[in-house]
Protein chains: 2
Amino acid sequence: MSAARLDPIDRKILAELQADGRMTNVELAKRVGISAPPCLRRVRTLEEAGYIKGYHAEVDSRELGFEVQVYAMVGLQSQAESDLSEFEARCRDWPLVRECNMLNGEVDFILKCVAPDLSTFQTFLTGDLLKAPNVASVKTSLVIRSAKDEPGVPFEVLEERLSRMA
Amino acid sequence: MSAARLDPIDRKILAELQADGRMTNVELAKRVGISAPPCLRRVRTLEEAGYIKGYHAEVDSRELGFEVQVYAMVGLQSQAESDLSEFEARCRDWPLVRECNMLNGEVDFILKCVAPDLSTFQTFLTGDLLKAPNVASVKTSLVIRSAKDEPGVPFEVLEERLSRMA
DNA sequence: CGTGAAACCGTCGCCCC
DNA sequence: GGGGCGACGGTTTCACG
């Protein structure tokens, strides 16, 4: 596991910045128990090593007028690698598609889509997704309500596992 | 739509902070074309009004040792409101469950789970999820690979729609 | 919304362990 | 190697026009 290269302070930094990405460096340093300069050096190292891929404001999608969230299960005709990656590239170009994951089992991909309203989504569904080459089947499920939407990873679980291994 | 209360500068602020949540306020002000003090006032207002729910570092889950992502489709025995919200509350307590959305159609909930390894997930699956009261069926799909994972909403689509309405 | 000023913070060089 | 101290320049954040 690559996380083995990180010491407890690095993991604490990552957990703190995942919880509050706009925290000032001095506040972060205080929380992880070192002074500001080495703390900032660690953050820069974590960014350059790719452990931190970016920082994002979490916006309220419904307040902003994005009232529709849909999961789309997509089956392809060909699962040749070139066809898979061609479909993935298409997904990256569609702004409505926020997540695209390849799955095992009967369905090939699951897409999470966000749209301002149903008609915008249906225009995308019939105009883009269903017309894309190699798409064999699409089953969509509307999100009725969202109970939990936490970005990132559960650091608690990692710490628990590391302490079990020690 | 509540987004109508926001002017173009506010929407630009939200889009910029979604793309880079650690941008300094002066940089943000420059990009949206106003000076720093009113820009900061707008950000604070957006935060207090709930348009911005938080800021998060995006961490590389695989680099950190979270090698397993699973979608779990959950069917319940009872769909009474009290039973639905009881299940949702349980999901909020499970750190492995990052997203929990209620769906229309044959399945009741879709859960996105993140775990360090398969055995951690299976411990959760058999020990917690399948044993939870009211859970009738669980179908899991492993994520083979992730092609896109963008947090947030597609502001481009919103701007396009607003300009069509104007 | 902009200007100016004061406090704070990010950042660097240097020294220490 | 990493951590701490001090100082400079930029930033945040006031009060005010």
Side-chain angles (χ1 to χ4, degrees), chain A residues 1-60 63-64 151-152 155 158-159 162-163 165-166, chain B residues 2-60 63-65 152 155 158-159 162-163 166:
Chain A
M1 178 195 321
S2 326
R5 302 201 162 196
L6 300 175
D7 66 12
I9 295 184
D10 286 323
R11 294 198 302 273
K12 190 95 196 294
I13 287 176
L14 291 168
E16 293 287 348
L17 285 180
Q18 178 177 277
D20 179 5
R22 273 220 126 180
M23 193 181 305
T24 65
N25 183 57
V26 294
E27 172 68 19
L28 179 62
K30 197 187 307 172
R31 293 200 186 198
V32 304
I34 59 179
S35 67
C39 183
L40 186 60
R41 284 197 290 262
R42 279 170 180 265
V43 172
R44 293 282 175 268
T45 306
L46 290 169
E47 287 168 356
E48 278 153 29
Y51 288 101
I52 297 176
K53 295 194 285 185
Y55 301 89
H56 307 283
E58 181 192 359
V59 303
D60 188 315
E63 282 283 318
L64 272 166
F155 281 102
L158 184 64
E159 295 300 336
L162 290 173
S163 64
M165 284 163 46
Chain B
S2 326
R5 301 199 162 197
L6 301 174
D7 66 12
I9 295 184
D10 286 324
R11 294 199 301 274
K12 190 95 196 296
I13 287 176
L14 291 168
E16 293 287 348
L17 285 179
Q18 177 177 277
D20 179 5
R22 276 219 123 180
M23 193 182 301
T24 65
N25 184 57
V26 293
E27 172 68 17
L28 180 62
K30 197 187 309 172
R31 294 199 186 201
V32 304
I34 58 179
S35 68
C39 184
L40 185 61
R41 284 195 291 262
R42 280 168 180 265
V43 171
R44 294 280 175 270
T45 305
L46 290 169
E47 287 168 356
E48 278 153 27
Y51 288 100
I52 297 175
K53 295 196 286 185
Y55 301 90
H56 308 284
E58 181 192 0
V59 303
D60 189 314
E63 282 282 318
L64 271 166
F155 281 102
L158 184 63
E159 294 301 336
L162 289 173
S163 65

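Every chain is numbered from 1 and lettered A, B, ... according to where its sequence line falls, protein lines coming before strand lines.
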K.L.:
Side chains of B:Glu47 and B:Val43: closer than 4.5 Å at any heavy-atom pair?
P.N.:
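Contact flag for B:Glu47/B:Val43 side chains = yes.
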
K.L.:
Rounded to whole Å, how long is the line connecting atom CG of A:Leu6 with atom C1' of D:dG2?
P.N.:
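Atom-to-atom, A:Leu6 to D:dG2, this comes out as 15 Å.
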
K.L.:
Would you mind reading off the distance between B:Leu40 atom CG and C:dT3 atom P, rounded to a whole angstrom?
P.N.:
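Rounding to the nearest Å, CG of B:Leu40 and P of C:dT3 are 16 Å apart.
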
K.L.:
Taking CG from A:Asp7 and C1' from D:dG2, how many angstroms apart are they, rounded to a whole number?
P.N.:
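After rounding, the gap between these two atoms is 10 Å.
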
K.L.:
If you assign A:Glu27 and A:Arg41 each to the DNA chain C nucleotide with the nearest heavy atom, which residue ends up on the more 5' nucleotide?
P.N.:
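Final value for this comparison: A:Glu27.
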
K.L.:
B:Met23 has an atom CE; how far is it from atom P of D:dT12, in whole Å?
P.N.:
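From B:Met23 CE to D:dT12 P: 11 Å.
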
K.L.:
Name the closest nucleotide to the B:Ser35 side chain, picking from D:dT13, C:dT3, D:dG4.
P.N.:
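Looking only at heavy atoms from C-beta outward on B:Ser35, the closest nucleotide is C:dT3.
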
K.L.:
Ignoring the backbone of A:Pro38, work out which of D:dT12, C:dT11, D:dG3 is nearest its side chain.
P.N.:
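Output: D:dG3.
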
K.L.:
In the structure I gave you, are the side-chain heavy atoms of A:Arg42 and A:Asp7 within less than 4.5 Å of one another anywhere?
P.N.:
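The answer is yes; the side chains approach within 4.5 Å.
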
K.L.:
Looking only at side-chain atoms of A:Pro37, point me to the closest of D:dG6, C:dC9, D:dT12.
P.N.:
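Of the options given, the side chain of A:Pro37 lies nearest D:dG6.
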
K.L.:
Does a side-chain N or O from A:Arg42 land closer than 4.0 Å to OP1 or OP2 of D:dG3, or not?
P.N.:
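For D:dG3, OP1/OP2 do have a side-chain N/O of A:Arg42 under 4.0 Å.
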
K.L.:
Heavy-atom distance under 4.5 Å between the side chains of B:Glu27 and B:Asp20, does that happen here?
P.N.:
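Contact flag for B:Glu27/B:Asp20 side chains = no.
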
K.L.:
Give the rounded distance in Å between these two atoms: CG of A:Asp10 and P of D:dG3.
P.N.:
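These atoms are roughly 8 Å apart.
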
K.L.:
Checking contacts here: which listed nucleotide (C:dC1, D:dT12, C:dT11) is nearest the side-chain heavy atoms of B:Ile34?
P.N.:
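Nearest listed nucleotide: C:dC1.
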
K.L.:
Which nucleotide, D:dC5, D:dT11, D:dC14, lies nearest any side-chain atom of B:Val26?
P.N.:
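It is D:dT11.
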
K.L.:
Nearest-nucleotide wise, let me know which of B:Arg22 and B:Ile9 is further upstream toward the 5' end of DNA chain C.
P.N.:
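The residue mapped nearer the 5' terminus is B:Ile9.
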
K.L.:
Side chain of A:Arg11, backbone of A:Leu6: donor and acceptor closer than 3.5 Å?
P.N.:
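Side chain of A:Arg11 to backbone of A:Leu6, a donor-acceptor pair under 3.5 Å: yes, one is there.
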
